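Inspection log for the structure reproduced underneath, given as C-alpha coordinates.
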Amino acid sequence: MIDPKLYRDDPEKVRAALKRRSTAFDLDALLRLDQEKRKIGSELETLNAERNAATEAIAKLKRSGGDASAEIEKTRSLGDRIKELQAAFNEAEEKLNALAMLCPNLPHPSVPDGKTPADNKVAKTWGKLPPESQVFPHHLEIGEKLKLFDFERGAKLSGRGFPIYTGLGARLERALINFFLDVHVQKFGFTEISPPYLVSRASMTGTGQLPKFEEDMYRCGDDDLFLVPTAEVPVTNMHRDETLDSASLPLSYCAYTACFRREAGSWGADTRGFLRLHQFDKVEMVKFTLPEVSYDALEELREQAEELLRMLELPYRVLELCAGDLGFGAAKCYDLEVWAPAEKKWLEVSSCSNFEDFQARRANIRTKAGGKTRLVHTLNGSGLATPRVLVSFLETHYTPRGTVRIPPALRPYLGGAEEIG
RNA sequence: GGAAGGGUGGCCGAGCGGUUUAAGGCGUCGGUCUCGAAAACCGAUUUACGGGAAACUGUAACGUGGGUUCAAAUCCCACCCCUUCCGCCA
(Lines give C-alpha, C1' and ligand atoms only; values in the text may rest on other atoms or scores of the structure.)
Protein backbone atom coordinates (compact mmCIF):
# COMPACT_ATOMS: atom_id res chain seq x y z
CA MET A 1 0.00 0.00 0.00
CA ILE A 2 1.31 3.42 -0.80
CA ASP A 3 1.25 6.31 1.64
CA PRO A 4 -2.15 8.06 1.50
CA LYS A 5 -0.40 11.34 2.19
CA LEU A 6 1.36 11.03 -1.16
CA TYR A 7 -1.83 11.06 -3.20
CA ARG A 8 -3.61 13.53 -0.95
CA ASP A 9 -0.81 16.06 -1.09
CA ASP A 10 0.35 15.61 -4.65
CA PRO A 11 -1.91 13.39 -6.73
CA GLU A 12 -0.29 14.42 -10.00
CA LYS A 13 3.09 13.22 -8.86
CA VAL A 14 1.58 9.85 -7.93
CA ARG A 15 -0.29 9.71 -11.22
CA ALA A 16 2.94 10.30 -13.13
CA ALA A 17 4.77 7.62 -11.14
CA LEU A 18 1.98 5.08 -11.67
CA LYS A 19 1.90 5.86 -15.37
CA ARG A 20 5.44 4.56 -15.69
CA ARG A 21 4.15 1.09 -14.87
CA SER A 22 2.47 -0.98 -17.51
CA THR A 23 -0.57 -1.80 -15.39
CA ALA A 24 -3.37 0.74 -15.24
CA PHE A 25 -4.71 1.91 -11.92
CA ASP A 26 -7.71 4.17 -11.37
CA LEU A 27 -6.18 6.84 -9.16
CA ASP A 28 -9.19 9.13 -9.52
CA ALA A 29 -11.46 6.50 -8.01
CA LEU A 30 -9.03 6.19 -5.12
CA LEU A 31 -9.00 9.94 -4.58
CA ARG A 32 -12.80 10.04 -4.64
CA LEU A 33 -13.13 7.24 -2.11
CA ASP A 34 -10.53 8.86 0.10
CA GLN A 35 -12.39 12.15 0.11
CA GLU A 36 -15.67 10.45 0.80
CA LYS A 37 -14.25 8.54 3.72
CA ARG A 38 -12.70 11.65 5.19
CA LYS A 39 -15.89 13.63 4.81
CA ILE A 40 -17.97 11.03 6.61
CA GLY A 41 -15.19 10.63 9.14
CA SER A 42 -15.11 14.25 10.19
CA GLU A 43 -18.90 14.31 10.47
CA LEU A 44 -18.76 11.23 12.62
CA GLU A 45 -16.07 12.75 14.75
CA THR A 46 -18.22 15.80 15.46
CA LEU A 47 -21.17 13.65 16.49
CA ASN A 48 -18.98 11.52 18.71
CA ALA A 49 -17.67 14.62 20.45
CA GLU A 50 -21.24 15.78 20.95
CA ARG A 51 -22.26 12.48 22.44
CA ASN A 52 -19.23 12.34 24.70
CA ALA A 53 -20.11 15.76 26.11
CA ALA A 54 -23.76 14.77 26.62
CA THR A 55 -22.78 11.51 28.26
CA GLU A 56 -20.43 13.28 30.59
CA ALA A 57 -23.16 15.73 31.60
CA ILE A 58 -25.47 12.82 32.38
CA ALA A 59 -22.78 11.15 34.43
CA LYS A 60 -22.26 14.30 36.45
CA LEU A 61 -25.97 14.71 37.10
CA LYS A 62 -26.33 11.11 38.22
CA ARG A 63 -23.36 11.33 40.48
CA SER A 64 -24.76 14.35 42.24
CA GLY A 65 -28.05 12.54 42.60
CA GLY A 66 -29.91 14.63 40.02
CA ASP A 67 -32.48 13.53 37.51
CA ALA A 68 -30.96 13.02 34.09
CA SER A 69 -33.94 11.60 32.26
CA ALA A 70 -34.43 14.71 30.14
CA GLU A 71 -30.81 14.63 28.96
CA ILE A 72 -31.00 10.92 28.33
CA GLU A 73 -34.08 11.41 26.23
CA LYS A 74 -32.30 14.14 24.26
CA THR A 75 -29.27 12.02 23.64
CA ARG A 76 -31.15 8.92 22.62
CA SER A 77 -31.47 9.81 18.93
CA LEU A 78 -27.82 10.78 18.74
CA GLY A 79 -26.79 7.18 19.20
CA ASP A 80 -28.86 6.08 16.23
CA ARG A 81 -27.39 8.74 13.99
CA ILE A 82 -23.90 7.77 15.07
CA LYS A 83 -24.64 4.15 14.36
CA GLU A 84 -25.82 4.98 10.86
CA LEU A 85 -22.89 7.23 10.17
CA GLN A 86 -20.48 4.68 11.58
CA ALA A 87 -21.86 2.07 9.20
CA ALA A 88 -21.45 4.48 6.29
CA PHE A 89 -17.94 5.24 7.42
CA ASN A 90 -17.04 1.57 7.69
CA GLU A 91 -18.35 0.96 4.23
CA ALA A 92 -16.44 3.89 2.78
CA GLU A 93 -13.28 2.81 4.51
CA GLU A 94 -13.69 -0.74 3.31
CA LYS A 95 -14.15 0.41 -0.27
CA LEU A 96 -11.16 2.69 -0.04
CA ASN A 97 -9.05 0.02 1.50
CA ALA A 98 -10.05 -2.57 -1.07
CA LEU A 99 -8.95 -0.27 -3.87
CA ALA A 100 -5.81 0.94 -2.10
CA MET A 101 -4.77 -2.70 -1.74
CA LEU A 102 -4.78 -2.99 -5.51
CA CYS A 103 -2.59 0.03 -6.08
CA PRO A 104 0.95 -0.99 -7.04
CA ASN A 105 4.02 0.57 -5.50
CA LEU A 106 5.58 3.65 -7.06
CA PRO A 107 8.81 3.03 -8.99
CA HIS A 108 11.93 4.57 -7.49
CA PRO A 109 13.26 7.51 -9.55
CA SER A 110 16.36 5.50 -10.44
CA VAL A 111 14.27 2.80 -12.14
CA PRO A 112 14.69 3.03 -15.92
CA ASP A 113 11.70 3.81 -18.12
CA GLY A 114 10.23 1.05 -20.21
CA LYS A 115 7.12 -1.03 -20.72
CA THR A 116 8.17 -4.62 -21.38
CA PRO A 117 10.92 -7.06 -20.32
CA ALA A 118 12.75 -6.05 -23.50
CA ASP A 119 13.24 -2.61 -21.97
CA ASN A 120 15.09 -3.93 -18.93
CA LYS A 121 18.61 -2.63 -18.60
CA VAL A 122 21.52 -5.08 -18.49
CA ALA A 123 23.48 -3.77 -15.55
CA LYS A 124 26.23 -6.32 -15.57
CA THR A 125 27.35 -9.60 -17.08
CA TRP A 126 29.66 -12.04 -15.30
CA GLY A 127 31.49 -15.05 -16.66
CA LYS A 128 32.37 -16.06 -20.17
CA LEU A 129 29.65 -17.43 -22.40
CA PRO A 130 30.72 -20.48 -24.40
CA PRO A 131 31.16 -19.96 -28.14
CA GLU A 132 27.97 -20.01 -30.22
CA SER A 133 29.21 -23.04 -32.14
CA GLN A 134 29.67 -25.28 -29.11
CA VAL A 135 26.93 -27.85 -28.70
CA PHE A 136 25.61 -28.57 -25.22
CA PRO A 137 23.34 -31.43 -24.22
CA HIS A 138 19.93 -30.36 -22.97
CA HIS A 139 19.33 -30.71 -19.23
CA LEU A 140 16.45 -33.10 -19.83
CA GLU A 141 18.75 -35.31 -21.82
CA ILE A 142 21.38 -35.23 -19.08
CA GLY A 143 18.69 -35.91 -16.52
CA GLU A 144 17.49 -38.91 -18.39
CA LYS A 145 20.95 -40.32 -18.86
CA LEU A 146 21.89 -39.92 -15.20
CA LYS A 147 18.37 -40.63 -13.90
CA LEU A 148 18.22 -37.33 -12.02
CA PHE A 149 14.49 -36.66 -12.22
CA ASP A 150 11.20 -38.17 -13.25
CA PHE A 151 8.63 -35.83 -14.73
CA GLU A 152 6.22 -38.54 -15.84
CA ARG A 153 5.80 -40.07 -12.43
CA GLY A 154 5.63 -36.61 -10.94
CA ALA A 155 2.73 -35.90 -13.26
CA LYS A 156 1.14 -39.19 -12.22
CA LEU A 157 1.25 -38.08 -8.61
CA SER A 158 0.16 -34.51 -8.96
CA GLY A 159 -0.03 -33.36 -12.56
CA ARG A 160 2.23 -31.36 -14.78
CA GLY A 161 4.67 -29.09 -13.00
CA PHE A 162 5.40 -31.36 -10.05
CA PRO A 163 8.74 -33.02 -10.78
CA ILE A 164 10.28 -35.85 -8.81
CA TYR A 165 13.99 -35.65 -8.17
CA THR A 166 15.60 -39.08 -8.05
CA GLY A 167 18.93 -40.44 -6.87
CA LEU A 168 21.79 -38.09 -7.64
CA GLY A 169 19.29 -35.50 -8.84
CA ALA A 170 17.69 -35.36 -5.42
CA ARG A 171 21.08 -35.32 -3.77
CA LEU A 172 22.36 -32.54 -6.01
CA GLU A 173 19.28 -30.45 -5.37
CA ARG A 174 19.60 -30.91 -1.62
CA ALA A 175 23.29 -30.03 -1.89
CA LEU A 176 22.39 -26.75 -3.60
CA ILE A 177 19.86 -25.86 -0.92
CA ASN A 178 22.30 -26.58 1.88
CA PHE A 179 25.04 -24.70 0.08
CA PHE A 180 22.84 -21.62 -0.36
CA LEU A 181 21.77 -21.65 3.29
CA ASP A 182 25.28 -22.16 4.62
CA VAL A 183 26.74 -19.33 2.56
CA HIS A 184 24.03 -16.98 3.78
CA VAL A 185 24.39 -17.97 7.37
CA GLN A 186 28.15 -18.45 7.62
CA LYS A 187 29.48 -15.97 5.11
CA PHE A 188 26.85 -13.23 5.21
CA GLY A 189 25.51 -13.58 8.76
CA PHE A 190 21.85 -14.20 7.95
CA THR A 191 19.62 -15.77 10.56
CA GLU A 192 18.15 -18.99 9.24
CA ILE A 193 14.41 -19.48 9.46
CA SER A 194 12.37 -22.59 8.85
CA PRO A 195 8.84 -21.26 8.52
CA PRO A 196 5.35 -22.72 8.02
CA TYR A 197 4.38 -23.59 4.46
CA LEU A 198 0.74 -22.71 5.02
CA VAL A 199 -0.07 -19.14 5.92
CA SER A 200 -3.18 -17.13 6.67
CA ARG A 201 -4.98 -14.67 4.46
CA ALA A 202 -3.64 -11.85 6.63
CA SER A 203 -0.07 -12.95 5.95
CA MET A 204 -0.66 -13.18 2.22
CA THR A 205 -2.16 -9.70 2.31
CA GLY A 206 0.74 -8.29 4.30
CA THR A 207 3.30 -9.00 1.60
CA GLY A 208 0.98 -8.15 -1.27
CA GLN A 209 0.05 -11.52 -2.78
CA LEU A 210 -3.54 -10.90 -1.79
CA PRO A 211 -6.01 -9.68 -2.73
CA LYS A 212 -4.73 -9.15 -6.24
CA PHE A 213 -3.16 -12.49 -7.03
CA GLU A 214 -5.44 -14.99 -5.30
CA GLU A 215 -5.92 -17.03 -8.47
CA ASP A 216 -2.17 -17.71 -8.56
CA MET A 217 -2.17 -19.23 -5.09
CA TYR A 218 -2.97 -22.71 -3.83
CA ARG A 219 -5.60 -22.41 -1.16
CA CYS A 220 -6.82 -24.85 1.47
CA GLY A 221 -10.44 -23.83 1.52
CA ASP A 222 -11.54 -25.55 4.71
CA ASP A 223 -9.05 -23.53 6.71
CA ASP A 224 -8.58 -20.51 4.43
CA LEU A 225 -4.85 -21.12 4.43
CA PHE A 226 -2.53 -20.64 1.47
CA LEU A 227 0.51 -22.62 0.39
CA VAL A 228 3.45 -20.23 0.36
CA PRO A 229 4.45 -19.07 -3.13
CA THR A 230 7.77 -17.93 -1.63
CA ALA A 231 9.37 -17.85 1.83
CA GLU A 232 9.09 -14.06 1.57
CA VAL A 233 5.53 -14.39 2.85
CA PRO A 234 6.08 -16.17 6.16
CA VAL A 235 9.45 -14.57 6.87
CA THR A 236 8.31 -10.99 6.25
CA ASN A 237 5.09 -11.56 8.17
CA MET A 238 6.99 -12.88 11.19
CA HIS A 239 7.21 -9.26 12.26
CA ARG A 240 3.69 -8.25 11.28
CA ASP A 241 2.19 -5.81 13.81
CA GLU A 242 5.50 -5.36 15.55
CA THR A 243 7.64 -2.38 16.41
CA LEU A 244 11.23 -3.42 15.87
CA ASP A 245 14.01 -2.02 18.01
CA SER A 246 15.98 0.26 15.68
CA ALA A 247 19.22 -0.98 17.22
CA SER A 248 18.39 -4.47 15.98
CA LEU A 249 18.13 -3.33 12.36
CA PRO A 250 18.92 -4.37 9.77
CA LEU A 251 17.44 -7.81 10.30
CA SER A 252 18.62 -10.34 7.75
CA TYR A 253 16.87 -13.67 7.42
CA CYS A 254 17.19 -16.54 5.02
CA ALA A 255 14.82 -19.43 4.67
CA TYR A 256 14.45 -22.51 2.58
CA THR A 257 10.93 -23.51 1.62
CA ALA A 258 9.23 -25.31 -1.17
CA CYS A 259 7.23 -22.77 -3.18
CA PHE A 260 3.81 -23.36 -4.65
CA ARG A 261 2.39 -21.44 -7.58
CA ARG A 262 -0.63 -22.21 -9.67
CA GLU A 263 0.83 -20.25 -12.58
CA ALA A 264 -2.70 -19.50 -13.70
CA GLY A 265 -2.77 -17.98 -17.13
CA SER A 266 0.69 -19.13 -18.11
CA TRP A 267 -0.49 -22.36 -19.66
CA GLY A 268 1.51 -23.16 -22.77
CA ALA A 269 4.61 -21.21 -21.74
CA ASP A 270 7.59 -23.32 -20.73
CA THR A 271 5.44 -26.37 -20.15
CA ARG A 272 8.31 -28.78 -20.60
CA GLY A 273 10.97 -29.51 -18.04
CA PHE A 274 12.10 -27.29 -15.23
CA LEU A 275 11.40 -23.82 -16.43
CA ARG A 276 7.92 -23.34 -14.99
CA LEU A 277 6.73 -25.47 -12.10
CA HIS A 278 3.87 -25.58 -9.64
CA GLN A 279 6.23 -26.67 -6.89
CA PHE A 280 9.87 -25.79 -6.61
CA ASP A 281 12.52 -25.20 -3.98
CA LYS A 282 13.99 -21.86 -3.13
CA VAL A 283 16.12 -20.20 -0.51
CA GLU A 284 14.93 -16.68 0.10
CA MET A 285 16.67 -13.73 1.74
CA VAL A 286 14.59 -11.14 3.58
CA LYS A 287 15.82 -7.90 5.11
CA PHE A 288 14.19 -5.28 7.33
CA THR A 289 16.01 -1.95 7.35
CA LEU A 290 15.71 1.69 8.32
CA PRO A 291 14.29 3.70 5.41
CA GLU A 292 17.46 5.68 4.77
CA VAL A 293 19.62 2.63 4.12
CA SER A 294 17.29 0.35 2.19
CA TYR A 295 18.90 1.07 -1.17
CA ASP A 296 22.31 0.19 0.18
CA ALA A 297 20.72 -3.01 1.47
CA LEU A 298 19.32 -3.73 -1.98
CA GLU A 299 22.78 -3.51 -3.55
CA GLU A 300 24.11 -5.76 -0.81
CA LEU A 301 21.31 -8.25 -1.32
CA ARG A 302 21.94 -8.43 -5.05
CA GLU A 303 25.65 -8.84 -4.42
CA GLN A 304 24.95 -11.71 -2.01
CA ALA A 305 22.77 -13.49 -4.54
CA GLU A 306 25.38 -12.97 -7.24
CA GLU A 307 28.08 -14.48 -5.06
CA LEU A 308 26.26 -17.82 -5.08
CA LEU A 309 26.33 -17.96 -8.87
CA ARG A 310 29.98 -17.02 -8.96
CA MET A 311 30.79 -19.78 -6.47
CA LEU A 312 28.88 -22.20 -8.69
CA GLU A 313 30.86 -20.89 -11.68
CA LEU A 314 27.75 -20.13 -13.67
CA PRO A 315 27.75 -17.19 -16.11
CA TYR A 316 25.01 -14.72 -15.31
CA ARG A 317 23.81 -11.23 -15.92
CA VAL A 318 22.04 -8.66 -13.80
CA LEU A 319 19.00 -6.84 -15.11
CA GLU A 320 17.76 -3.60 -13.72
CA LEU A 321 14.04 -3.94 -14.29
CA CYS A 322 12.29 -1.12 -16.10
CA ALA A 323 9.26 0.52 -14.50
CA GLY A 324 6.86 -1.43 -16.70
CA ASP A 325 8.26 -4.81 -15.67
CA LEU A 326 8.40 -4.18 -11.91
CA GLY A 327 6.50 -6.54 -9.64
CA PHE A 328 3.39 -5.23 -7.90
CA GLY A 329 5.02 -4.24 -4.61
CA ALA A 330 8.55 -3.45 -5.73
CA ALA A 331 9.93 0.08 -5.90
CA LYS A 332 13.09 -1.23 -7.53
CA CYS A 333 14.17 -4.66 -8.62
CA TYR A 334 17.16 -6.50 -10.01
CA ASP A 335 16.77 -9.84 -11.73
CA LEU A 336 19.63 -12.30 -11.88
CA GLU A 337 19.64 -14.47 -14.95
CA VAL A 338 21.84 -17.47 -15.42
CA TRP A 339 22.97 -18.74 -18.81
CA ALA A 340 21.52 -22.02 -20.05
CA PRO A 341 23.90 -23.03 -22.83
CA ALA A 342 21.73 -25.74 -24.42
CA GLU A 343 18.66 -23.53 -24.64
CA LYS A 344 20.88 -20.54 -25.37
CA LYS A 345 18.67 -18.60 -23.02
CA TRP A 346 19.01 -16.48 -19.93
CA LEU A 347 16.98 -17.95 -17.08
CA GLU A 348 15.73 -15.88 -14.16
CA VAL A 349 17.00 -17.41 -10.92
CA SER A 350 16.63 -14.47 -8.57
CA SER A 351 14.66 -11.32 -8.11
CA CYS A 352 16.02 -8.82 -5.60
CA SER A 353 13.54 -6.14 -4.65
CA ASN A 354 13.21 -3.16 -2.38
CA PHE A 355 9.60 -2.71 -1.33
CA GLU A 356 10.39 0.40 0.68
CA ASP A 357 7.44 0.79 3.09
CA PHE A 358 4.87 -0.83 0.77
CA GLN A 359 4.76 -4.14 2.65
CA ALA A 360 5.55 -2.55 6.00
CA ARG A 361 2.43 -0.40 5.71
CA ARG A 362 0.23 -3.38 4.84
CA ALA A 363 1.78 -5.55 7.51
CA ASN A 364 2.23 -2.76 10.06
CA ILE A 365 5.93 -3.29 10.70
CA ARG A 366 7.52 -0.32 12.36
CA THR A 367 10.60 0.80 14.19
CA LYS A 368 11.12 3.30 16.94
CA ALA A 369 14.12 5.57 17.31
CA GLY A 370 14.44 8.73 19.34
CA GLY A 371 10.78 8.61 20.30
CA LYS A 372 9.72 8.58 16.66
CA THR A 373 7.94 5.62 15.17
CA ARG A 374 8.31 4.92 11.47
CA LEU A 375 7.59 2.14 9.04
CA VAL A 376 10.59 -0.01 8.20
CA HIS A 377 11.63 -0.87 4.68
CA THR A 378 11.47 -4.50 3.59
CA LEU A 379 13.51 -6.22 0.92
CA ASN A 380 13.81 -9.68 -0.39
CA GLY A 381 15.69 -11.65 -2.96
CA SER A 382 15.96 -15.23 -4.05
CA GLY A 383 19.19 -16.82 -3.10
CA LEU A 384 18.43 -18.90 -5.09
CA ALA A 385 15.68 -20.95 -6.77
CA THR A 386 16.93 -24.45 -7.53
CA PRO A 387 15.20 -25.67 -10.69
CA ARG A 388 16.66 -23.14 -13.09
CA VAL A 389 20.02 -23.09 -11.34
CA LEU A 390 20.02 -26.85 -11.82
CA VAL A 391 19.30 -26.48 -15.54
CA SER A 392 22.24 -24.17 -16.08
CA PHE A 393 24.40 -26.17 -13.71
CA LEU A 394 23.89 -29.47 -15.51
CA GLU A 395 24.34 -28.04 -18.97
CA THR A 396 27.31 -25.83 -18.10
CA HIS A 397 29.23 -28.40 -16.08
CA TYR A 398 28.48 -31.45 -18.20
CA THR A 399 31.69 -33.10 -19.35
CA PRO A 400 32.45 -35.01 -22.55
CA ARG A 401 32.80 -38.12 -20.40
CA GLY A 402 29.15 -37.98 -19.52
CA THR A 403 29.61 -36.74 -15.99
CA VAL A 404 28.77 -33.48 -14.29
CA ARG A 405 31.68 -31.53 -12.87
CA ILE A 406 31.15 -30.20 -9.35
CA PRO A 407 32.75 -26.80 -8.63
CA PRO A 408 34.88 -26.75 -5.47
CA ALA A 409 32.40 -24.70 -3.47
CA LEU A 410 29.72 -27.38 -3.77
CA ARG A 411 31.93 -30.42 -3.20
CA PRO A 412 31.60 -30.49 0.59
CA TYR A 413 27.87 -31.01 0.06
CA LEU A 414 28.42 -34.05 -2.13
CA GLY A 415 30.89 -35.95 -0.01
CA GLY A 416 33.82 -34.19 -1.65
CA ALA A 417 33.02 -35.54 -5.13
CA GLU A 418 34.65 -33.66 -8.00
CA GLU A 419 32.08 -34.98 -10.41
CA ILE A 420 28.94 -37.07 -10.40
CA GLY A 421 27.40 -39.44 -12.88
C1' G B 1 -11.97 -32.54 18.66
C1' G B 2 -14.10 -32.23 24.16
C1' A B 3 -13.81 -29.61 29.10
C1' A B 4 -12.15 -25.56 32.16
C1' G B 5 -9.64 -20.98 32.71
C1' G B 6 -7.72 -16.70 30.38
C1' G B 7 -6.39 -12.50 26.55
C1' U B 8 -5.82 -4.89 29.62
C1' G B 9 -0.08 -0.06 28.14
C1' G B 10 7.39 -2.12 26.81
C1' C B 11 6.49 -6.10 30.86
C1' C B 12 3.70 -7.84 35.42
C1' G B 13 -1.04 -6.74 37.09
C1' A B 14 -5.79 -4.05 39.13
C1' G B 15 -10.37 -2.46 37.26
C1' C B 16 -15.94 -5.84 35.90
C1' G B 17 -21.50 0.03 33.54
C1' G B 18 -20.39 6.66 34.18
C1' U B 19 -14.92 11.39 37.35
C1' U B 20 -10.46 5.27 33.25
C1' U B 21 -5.81 6.05 28.59
C1' A B 22 -6.90 3.09 32.22
C1' A B 23 -4.65 2.03 39.92
C1' G B 24 -0.13 -0.23 41.72
C1' G B 25 4.57 -2.31 40.53
C1' C B 26 8.78 -3.25 37.18
C1' G B 27 11.47 -1.34 33.16
C1' U B 28 13.08 2.99 30.24
C1' C B 29 14.24 8.29 29.79
C1' G B 30 15.02 13.27 32.09
C1' G B 31 15.94 15.98 36.68
C1' U B 32 17.37 16.76 42.13
C1' C B 33 21.18 14.90 45.37
C1' U B 34 26.69 13.17 44.61
C1' C B 35 33.69 13.97 43.28
C1' G B 36 31.20 9.98 40.54
C1' A B 37 27.78 6.03 41.11
C1' A B 38 24.01 3.41 43.84
C1' A B 39 19.87 4.43 46.79
C1' A B 40 16.13 7.93 47.61
C1' C B 41 12.99 11.67 45.77
C1' C B 42 10.55 14.52 41.58
C1' G B 43 8.82 14.33 36.60
C1' A B 44 8.01 11.96 31.99
C1' U B 45 6.88 7.39 29.44
C1' U B 46 1.12 4.22 23.48
C1' U B 47 -0.44 4.72 18.63
C1' A B 48 -3.33 6.48 14.41
C1' C B 49 -6.12 10.38 12.18
C1' G B 50 -7.84 15.67 12.28
C1' G B 51 -7.50 21.17 13.98
C1' G B 52 -3.62 24.83 15.54
C1' A B 53 2.42 28.81 14.26
C1' A B 54 2.73 26.79 19.05
C1' A B 55 1.05 25.82 23.94
C1' C B 56 -2.62 22.77 23.18
C1' U B 57 -6.92 20.32 21.45
C1' G B 58 -10.88 16.75 19.07
C1' U B 59 -11.77 11.55 17.71
C1' A B 60 -10.57 6.40 17.82
C1' A B 61 -8.13 2.04 20.00
C1' C B 62 -8.41 -2.69 26.70
C1' G B 63 -7.67 -10.10 21.24
C1' U B 64 -11.24 -9.32 16.55
C1' G B 65 -16.18 -8.32 14.84
C1' G B 66 -21.20 -7.48 16.12
C1' G B 67 -25.12 -6.36 19.90
C1' U B 68 -27.50 -4.03 24.48
C1' U B 69 -27.25 1.15 26.67
C1' C B 70 -27.85 8.16 27.11
C1' A B 71 -22.92 5.78 28.31
C1' A B 72 -18.99 -0.54 27.52
C1' A B 73 -12.20 -2.45 29.31
C1' U B 74 -16.62 -3.67 32.31
C1' C B 75 -22.99 -6.86 30.20
C1' C B 76 -24.56 -10.30 25.80
C1' C B 77 -23.32 -13.13 21.07
C1' A B 78 -19.84 -15.01 17.41
C1' C B 79 -14.92 -15.79 15.99
C1' C B 80 -9.47 -15.89 16.87
C1' C B 81 -5.42 -16.86 20.11
C1' C B 82 -3.04 -18.67 24.78
C1' U B 83 -2.78 -22.05 29.24
C1' U B 84 -4.21 -26.66 31.70
C1' C B 85 -6.64 -31.46 31.54
C1' C B 86 -8.72 -35.35 28.23
C1' G B 87 -8.86 -37.62 23.30
C1' C B 88 -6.21 -38.37 18.60
C1' C B 89 -1.43 -38.43 16.23
C1' A B 90 4.23 -38.00 13.11
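Model, not experiment: these values are computed from the prediction. So you know, we letter chains A, B, ... as the sequences are listed, proteins then strands, and number each from 1.
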Side chain to side chain contact (heavy atoms under 4.5 Å, CB included) partners for A/Ser77, two or more places apart: none

For A/Asp241 and B/C80, give me the distance from atom CG to atom P, rounded to whole Å. 18 Å

Before accepting this row, confirm whether a basic side-chain N of the pair A/Glu94/A/Lys37 lies closer than 4.0 Å to the acidic partner's carboxylate O. no

Within residues 58-97 of chain A or reaching into it, pairs that qualify as ring pair (Phe, Tyr, Trp, His ring centres under 6.0 Å) - sequence neighbours excluded: none

Is the closest basic N to carboxylate O distance between A/Arg8 and A/Asp34 below 4.0 Å? yes

A/Gln86 CD to B/A61 C1', straight-line distance once rounded to whole Å: 12 Å

Side chain to side chain contact (heavy atoms under 4.5 Å, CB included) partners of A/Lys121, counting only residues at least two apart: A/Pro112, A/Glu320

Rounded to whole Å, how long is the line connecting atom CG of A/Leu44 with atom C1' of B/A60? 9 Å

Separation of B/U45 C1' from A/Lys368 NZ (nearest whole Å): 8 Å

Side-chain N or O of A/Arg366 versus OP1/OP2 of B/U46: is the shortest distance under 4.0 Å? no

Ring pair (Phe, Tyr, Trp, His ring centres under 6.0 Å) partners for A/Phe151, two or more places apart: A/Phe149, A/Phe274

Give the stems involving RNA chain B, where a stem is 3 or more consecutive Watson-Crick or G-U wobble pairs (i with j, i+1 with j-1, and so on) under 3.5 Å. B:1-7 with B:80-86, B:10-12 with B:24-26, B:27-32 with B:40-45, B:46-51 with B:56-61, B:63-67 with B:75-79

List for me each residue that meets ring pair (Phe, Tyr, Trp, His ring centres under 6.0 Å) alongside A/Phe358, sequence neighbours excluded, and say none if there are none. A/Phe328

A/Ser294/A/Asn354 under side-chain hydrogen bond (donor to acceptor under 3.5 Å, both in side chains): CA gap, chis, key distance, verdict: CA-CA 7 Å; A/Ser294 65; A/Asn354 185 357; 2.9 Å; yes

Just jot down the ring pair (Phe, Tyr, Trp, His ring centres under 6.0 Å) partners of A/Tyr295, sequence neighbours excluded, or say none. A/His108

Could you pull out all residues at least two apart from A/Cys333 that satisfy side chain to side chain contact (heavy atoms under 4.5 Å, CB included)? A/Leu321, A/Leu326, A/Ala330, A/Asp335, A/Ser351, A/Ser353

Using the 3.5 Å cut-off, write out each protein N or O paired with an N or O of nucleotides 74-77 of chain B and the distance between them.
none

Would you state whether a donor and an acceptor, one from the side chain of A/Glu45 and one from the base of B/G50, lie under 3.5 Å apart? no

Taking the same atom, P, in B/G10 and in B/G6, what whole-Å distance lies between them? 24 Å

Once you round it to whole Å, what is the distance between C1' of B/G58 and CZ of A/Arg38? 15 Å

Tell me every residue that passes side chain to side chain contact (heavy atoms under 4.5 Å, CB included) with A/Lys187, counting only those two or more places apart in sequence or in another chain. A/Val183, A/Glu307, A/Met311

To the nearest angstrom, how far is A/Arg374 atom CZ from B/U47 atom P? 14 Å

Filtered N/O pairs between nucleotides 63-73 of chain B and protein, under 3.5 Å:
unit_1	atom_1	unit_2	atom_2	d
B/U68	OP2	A/Lys83	NZ	2.6
B/C70	OP1	A/Arg76	NE	2.8
B/C70	OP1	A/Arg76	NH2	2.4
B/A71	OP1	A/Arg51	NH1	3.3

For A/Ile365 and B/A48, what is the distance between atoms CD1 and P respectively, to the nearest whole Å? 15 Å

Counting just side-chain N and O atoms, does A/Asn48 come under 4.0 Å of either OP1 or OP2 of B/G58? no

Using side chain to side chain donor-acceptor pair (under 3.5 Å) as the criterion, list what pairs up with A/Glu419, not counting sequence neighbours. A/Arg401, A/Thr403

Take the protein atom CD1 of A/Ile40 and the nucleotide atom C1' of B/A60, then report the distance between them rounded to whole Å. 16 Å

